[in-house]
Amino acid sequence: MSESSPGNALVLRIDGAQPLSASSVEAVAEVCDRAEDHGRPGVVEVQLTGAPGGLWARELTVGLVTKWERIVRRLERLPLATVAVVSGDCGGTALDLLLATDLRIAAHGTRLLIPMDGTATWPGMALYRLVQQAGPAAVRRAVLLGAPIDADRAVALHLLDEVVTDPAAGLAALAGVAGPISERDLAIRRQLMFDTTTTSFEDALGAHLAACERVLRRGRAEAPGAAS
């Protein structure tokens with residue numbers, strides 16, 4: 001579900017122990033709608049816990065999974081910074097969203113889990129993001145066997161940013177840093193980051209220079225004595 005939070009934050013809470021459903025898609029879509037209409041700097045707080053068990057995927061359809069993957073991708077590209085707070089086991093829909101956020105903090109005892117369905121791990125886009133973000137060798141056992149990734153290991157692999165005793169305080173600190181970043185600046189930096197794995201230096205140079213030029217123009221416009 002989504003809700004407002006004091007200040008410029010929106011909150012999304014997802015329990016990965018619950019099977020993927022149309023209401024899961026709607027909850028993420030709602031917070032995406034609100035973030036895209038926000039119109040000012042801020043953050044989206046994504047609070048995550050839980051992992052599915054048993055034959056949780058047996059009632060899913062390809063259509064529902066497609067809708068879910070598209071809404072997760074939409075959250076990944078929001079104009080606001082997304083900050084995840086995760087506790088306990090984190091799998092299924094919770095893991096999908098965690099891997100799509102910008103900044104991630106975890107409580108002690110957190111584990112990342114690719115859920116099993118019958119005899120194999122679930123082959124959703126969490127597998128893609130895990131390999132993209134940590135490398136195939138680092139997550140081979142998790143991808144192939146469903147082996148848990150504990151919090152300290154996840155930090156070492158840069159899947160989590162830090163493990164904290166007080167997640168609320170950690171969230172406030174990250175939100176304080178990320179919140180003031182403008183929507184346009186955030187979108188540019190995020191896209192430059194995404195493109196680095198698929199773009200050559202020569203092809204990337206133009207986009208980076210354009211971003212630098214934008215910063216310099218703004219600096220000149222804001223300088224004392226600049227014409228208004």
Side-chain angles (χ1 to χ4, degrees), residues 1-16 24-25 27-51 68 71-113 125-126 129-130 132-134 149-194:
M1 72 176 189
S2 66
E3 62 186 66
S4 296
S5 182
N8 290 329
L10 300 173
V11 179
L12 172 66
R13 292 188 175 93
I14 292 291
D15 181 358
S24 309
V25 177
V28 181
E30 180 185 351
V31 82
C32 288
D33 287 342
R34 297 173 68 179
E36 289 164 354
D37 294 339
H38 200 60
R40 61 189 185 279
V43 299
V44 176
E45 300 172 10
V46 186
Q47 300 183 4
L48 304 168
T49 192
W68 173 251
I71 201 63
V72 174
R73 180 60 167 165
R74 185 178 165 196
L75 180 134
E76 190 172 36
R77 302 167 76 91
L78 284 180
L80 301 184
T82 50
V83 182
V85 180
V86 58
S87 61
D89 284 352
C90 176
T93 54
L95 180 63
D96 288 335
L97 292 176
L98 174 73
L99 297 174
T101 55
D102 296 315
L103 304 168
R104 307 157 189 179
I105 59 176
H108 290 283
T110 293
R111 301 192 305 168
L112 309 187
L113 296 165
M125 289 301 286
R129 290 187 174 92
L130 277 172
Q132 283 285 312
Q133 295 173 26
I149 303 173
D150 66 29
D152 290 337
R153 177 66 173 158
V155 170
L157 296 177
H158 306 293
L159 298 171
L160 295 172
D161 293 304
E162 57 181 328
V163 179
V164 297
T165 302
D166 185 351
L171 172 62
L174 285 179
V177 173
I181 300 174
S182 75
E183 296 181 10
R184 180 62 176 158
D185 285 339
L186 176 71
I188 290 173
R189 273 55 170 188
R190 188 190 282 136
Q191 193 59 51
L192 291 173
M193 180 176 64
F194 286 162

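Fair warning: this is a prediction, and the values are worked out from it, not measured in the lab. Numbering starts at 1 and runs along the sequence shown.
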I want to check something: taking the side chain as every heavy atom from C-beta on, are [X] and [Y] in contact at a cut-off of under 4.5 Å?
| X | Y | value |
| --- | --- | --- |
| Asp33 | Arg74 | yes |
| Arg129 | Val72 | yes |
| Val155 | Glu162 | no |
| Glu45 | Val85 | no |
| Val28 | Thr93 | no |
| Leu98 | Val46 | no |
| Ile14 | Asp96 | no |

Working to the nearest 0.5 angstrom, can you tell me the gap between [X] [atom1] and [Y] [atom2]?
| X | Y | atom1 | atom2 | result |
| --- | --- | --- | --- | --- |
| Thr110 | Ile149 | OG1 | CD1 | 12.5 Å |
| Leu97 | Glu76 | CG | CD | 10.5 Å |
| Thr82 | Leu10 | OG1 | CG | 11.5 Å |
| Asp166 | His108 | CG | NE2 | 10.0 Å |
| Leu157 | Leu130 | CG | CG | 9.0 Å |
| Leu113 | Asp150 | CG | CG | 10.5 Å |

Are any side-chain N or O atoms of [X] and backbone N or O atoms of [Y], one a donor and one an acceptor, separated by less than 3.5 Å?
| X | Y | result |
| --- | --- | --- |
| Ser87 | Thr49 | no |
| Thr101 | Val83 | no |
| Asp161 | Arg104 | yes |

For the residue pair [X] and [Y], what are the closest heavy atoms and their distance?
| X | Y | result |
| --- | --- | --- |
| Ala35 | Val44 | CB-CG2, 4.0 Å |
| Leu12 | Ala27 | CD1-O, 3.7 Å |
| Pro167 | Ile105 | O-CD1, 3.4 Å |
| Ala134 | Leu159 | CB-CD2, 4.0 Å |
| Ala51 | Cys90 | CB-C, 4.2 Å |

Requested in this report: For side-chain contact (heavy atoms from CB on, under 4.5 Å), just list the numbers for Leu103 and Val43, CA-CA rounded to whole Å, side-chain angles, deciding distance to a tenth of an Å, and then say yes or no.
Outcome: CA-CA 10 Å; Leu103 304 168; Val43 299; over 6 Å; no

